[in-house]
Amino acid sequence: CMSMLGGIQPGRLRSYLADALKDGPSNDGLIQRFQLMVWPDTDAKWTYVDRAPDAASEAQSAKVFHALVELDVESPLRFRFAPDAQELFIAWLAELEAKIRGDELHPALVSHLSKYRKLMPALALLFELADRAAAGFQDFDAGPDGAYLCVSLEHARQAAAWCDCLETHAHRIYSCVTTPQMRAAQALAEKIRKHKVGENFSCRDVYLKGWSGLDSPELVRMAVEVLRDAGWVRGLSNQSGPAGGRPSARYEGKP
């Protein structure tokens, strides 16, 4: 069992996923085990910030980690959900099972979300441990040998909310390869909206610019078809480009 913390460039992740989800050499199930992956939005505005860490929060975090490390591994604590938390888990699990057994999700997402069966109770336990450690473990007496401590309803709710949030990020992450035509269409629509393409353009005009997600003829063609259906572009009569030459299909953006 190993924990990892780090980041990866979207382009590299997209390349890895494309190989993994097409039964390539990378299809080893590894990516589905990164349960806390997020794909954050990047704000176009950047502001330099230089401030000291919050001292109270830093001290609280250190207290929690030190307390957990000092637990007796020879006498492990045993936990189970409190009755009301167990009811919440059963209802949450039923909803998850219905989702992953349906036919609306890509197999990769099914594999990823199926691991939430463990993720949700694992997060609930971690939240319980952290709060108990922060309180100084005064209520950490497990009583007689074999007795269980309880994971509260509050921490079960927190874990379920975290899973909901992480699922939205999982959809964003896998969509970069499971729906390439939609991502390409979104990218082209954004270029049209910002007037990055001319008043009329061909697929070649677009992919030669080397824009991410629009750097191949096939991706641009798929994007144009989606945007035509959405009414964002319309086809023009085949005509030569600005430099002349063989006529090609050209399009006009209508943002």
Side-chain angles (χ1 to χ4, degrees), residues 1-8 20 28-40 53-102 105 107-171 173-174:
C1 182
M2 178 174 65
S3 295
M4 296 184 67
L5 175 66
I8 186 172
D28 52 9
L30 175 63
I31 194 67
Q32 286 85 0
R33 285 167 171 77
F34 287 91
Q35 293 293 293
L36 302 184
M37 286 193 301
V38 295
W39 189 299
D54 182 279
S57 297
E58 195 171 34
Q60 183 84 317
S61 298
K63 178 181 179 181
V64 168
F65 282 113
H66 287 146
L68 294 178
V69 167
E70 291 170 2
L71 288 176
D72 184 3
V73 296
E74 299 300 327
S75 302
L77 298 169
R78 305 174 70 193
F79 282 83
R80 64 205 248 174
F81 280 126
D84 51 0
Q86 181 68 32
E87 291 181 10
L88 172 70
F89 173 71
I90 292 172
W92 175 88
L93 182 62
E95 183 177 336
L96 175 69
E97 293 292 344
K99 186 182 305 180
I100 62 180
R101 292 168 190 270
L105 297 178
L109 259 176
V110 171
S111 177
H112 188 95
L113 297 182
S114 67
K115 292 178 173 54
Y116 280 23
R117 298 174 179 124
K118 175 187 175 183
L119 177 64
M120 189 276 202
L123 287 174
L125 175 58
L126 289 173
F127 297 152
E128 183 76 31
L129 285 169
D131 276 354
R132 286 175 180 258
F137 287 126
Q138 60 261 34
D139 58 349
F140 237 139
D141 183 8
D145 290 344
Y148 283 88
L149 294 163
C150 285
V151 174
S152 71
L153 175 62
E154 176 189 0
H155 294 116
R157 285 173 172 164
Q158 288 176 352
W162 257 99
C163 287
D164 287 344
C165 177
L166 291 168
E167 182 181 344
T168 65
H169 285 276
H171 279 276
I173 290 163
Y174 286 100

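Every value quoted in this text rests on a predicted model; they were computed, and no experiment measured them.
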> Can you tell me how far CG of L109 sits from CD1 of I100, rounded to the nearest 0.5 angstrom?
Replying inline: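 I100 atom CD1 to L109 atom CG measures 11.5 Å (nearest 0.5 Å).
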
> When rounded to the nearest 0.5 angstrom, what distance separates CD in Q35 from CG in L166?
Replying inline: 8.0 Å

> Under the 3.5 angstrom rule, does the side chain of H169 hit a backbone N or O of W39 as a donor-acceptor pair?
Replying inline: yes

Flag the pair [X] / [Y] as yes when at least one side-chain heavy-atom distance between them is below 4.5 Å, and no otherwise.
X    : Y    : value
I31  : I173 : no
C150 : F79  : no
H171 : L105 : yes
L149 : R80  : no

Below 3.5 Å, can you tabulate the donor-acceptor pairs from side chains in residues 84-94 to any protein atom, sequence neighbours excluded?
none

Could you pull out every donor-acceptor pair under 3.5 Å between side chains of residues 60-70 and any protein atom, sequence neighbours left out?
residue: S61; atom: OG; partner: S57; partner atom: O; Å: 3.0
residue: K63; atom: NZ; partner: A134; partner atom: O; Å: 3.0
residue: H66; atom: ND1; partner: A62; partner atom: O; Å: 3.1

> Pairs in or reaching into residues 107-127: which pass side chain to side chain donor-acceptor pair (under 3.5 Å), with residues at least two apart or in two chains?
Replying inline: E97-R117, H112-Y174

Show which side-chain atoms of residues 154-165 pair as donor or acceptor with protein atoms under 3.5 Å away, not counting sequence neighbours.
residue: H155; atom: ND1; partner: E128; partner atom: OE1; Å: 2.6
residue: H155; atom: ND1; partner: S152; partner atom: OG; Å: 2.8
residue: H155; atom: NE2; partner: D131; partner atom: OD2; Å: 2.6

